[in-house]
> 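Can you keep this structure in mind? I'll have questions shortly.
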Amino acid sequence: MDFFWAFVVGGFICVIGQLLLDVAKLDAGHVMSTFVVLGCVLDGFDLYDNLLSFAGAGASVPITSFGHSLLHGAMEQADKHGFWGIALGMFQLTSAGIAAAILFGFLVSVFFKPRG
């Protein structure tokens with residue numbers, strides 16, 4: 001059943017993204033930003049942790065999980081270190097993903113020619 005719910009929840013998130021692209025005519029950057037903010041809002045109301053325990057990878061793989069990680073880390077470190085903990089916490093939990101995105105973006109730009 002875990003695989004089923006992961007598929008359903010992850011698929012539902014993807015359907016929402018596709019509807020935003022097709023119906024609302026948003027571009028990919030706006031949809032991605034919307035999902036990151038949605039993950040932050042759901043984590044702010046303590047709903048995303050419940051979704052993670054229910055859906056597993058269906059909720060942790062989409063970009064909404066990145067927003068959850070940003071806010072979760074910022075709030076956790078803000079309690080310990082105050083204002084400076086906000087920036088420290090955001091980058092502590094998400095640094096691997098940010099570093100991988102920068103590295104792979106650089107490698108793609110070196111080995112392939114852009115068509116734009």
Side-chain angles (χ1 to χ4, degrees):
M1 261 338 248
D2 291 340
F3 294 122
F4 174 76
W5 288 116
F7 177 77
V8 168
V9 171
F12 182 71
I13 293 171
C14 291
V15 165
I16 292 172
Q18 194 64 46
L19 288 173
L20 288 173
L21 288 170
D22 293 341
V23 176
K25 302 294 184 202
L26 296 176
D27 61 356
H30 288 106
V31 173
M32 186 172 59
S33 300
T34 301
F35 277 161
V36 170
V37 170
L38 179 66
C40 289
V41 169
L42 289 175
D43 187 48
F45 289 112
D46 286 332
L47 297 174
Y48 208 83
D49 287 326
N50 295 332
L51 186 63
L52 282 171
S53 64
F54 174 72
S60 66
V61 171
I63 194 72
T64 51
S65 179
F66 183 71
H68 159 72
S69 296
L70 283 174
L71 186 68
H72 200 74
M75 297 304 288
E76 184 178 297
Q77 293 298 319
D79 291 337
K80 293 180 184 176
H81 302 289
F83 180 73
W84 294 110
I86 294 172
L88 294 173
M90 285 189 331
F91 295 121
Q92 182 179 8
L93 288 177
T94 59
S95 60
I98 294 170
I102 292 170
L103 174 68
F104 292 130
F106 173 74
L107 291 176
V108 167
S109 69
V110 167
F111 293 113
F112 297 101
K113 294 181 183 179
R115 292 188 234 174

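Throughout, numbering of the chain's residues begins at 1 and tracks the sequence.
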> So which residues get pulled into F83's cluster when ILVMFWY side chains under 4.5 Å apart are joined, directly or through others?
W84, I86
> Which atom pairs, one a donor and one an acceptor, fall under 3.5 Å between side chains of residues 3-14 and the rest of the protein, sequence neighbours left out?
none

> Name each donor-acceptor pair under 3.5 Å that joins a side chain in residues 18-28 to protein atoms two or more places apart or in another chain, with its distance.
unit_1: Q18; atom_1: NE2; unit_2: D22; atom_2: OD1; d: 3.3
unit_1: Q18; atom_1: NE2; unit_2: D22; atom_2: OD2; d: 3.2
unit_1: K25; atom_1: NZ; unit_2: D22; atom_2: O; d: 3.1
unit_1: D27; atom_1: OD1; unit_2: H30; atom_2: N; d: 3.2
unit_1: D27; atom_1: OD1; unit_2: H30; atom_2: ND1; d: 2.2

> State, to 0.1 Å, how close A57 and P62 come at their nearest heavy-atom pair, and which atoms those are.
O-CD, 4.0 Å
> Are I16 and F66 connected in a single hydrophobic cluster, I mean Ile/Leu/Val/Met/Phe/Trp/Tyr linked by side-chain heavy atoms less than 4.5 Å apart?
yes
> Identify whether L38 and L70 are in the same connected component of the hydrophobic contact network (ILVMFWY, side-chain heavy atoms under 4.5 Å).
yes
> Once side chain to side chain donor-acceptor pair (under 3.5 Å) is applied, what residue pairs with a partner in residues 32-42 remain, sequence neighbours excluded?
none
> For A74 and M90, work out which heavy atoms get closest and say how close.
CB-CG, 3.5 Å
> To the nearest 0.5 Å, what is the distance between CZ on F54 and CG on D2?
9.5 Å
> Only pairs at least two apart or in different chains count here, so list each ring pair (Phe, Tyr, Trp, His ring centres under 6.0 Å) that has a residue in residues 86-112.
none
> In this structure, would F35 and V61 fall into the same cluster of hydrophobic residues linked by side-chain contacts under 4.5 Å?
no
> Hydrophobic clusters here meaning ILVMFWY residues chained together by side-chain heavy-atom distances under 4.5 Å, can you tell me if L52 and L71 are in one?
no
> Would you list the atom pairs, donor with acceptor, under 3.5 Å between side chains in residues 40-48 and any protein atom, with sequence neighbours excluded?
unit_1: D43; atom_1: OD1; unit_2: H68; atom_2: ND1; d: 3.0
unit_1: D43; atom_1: OD2; unit_2: H72; atom_2: N; d: 3.2
unit_1: Y48; atom_1: OH; unit_2: A59; atom_2: O; d: 2.4
unit_1: Y48; atom_1: OH; unit_2: T64; atom_2: OG1; d: 2.7
unit_1: Y48; atom_1: OH; unit_2: S65; atom_2: N; d: 3.3

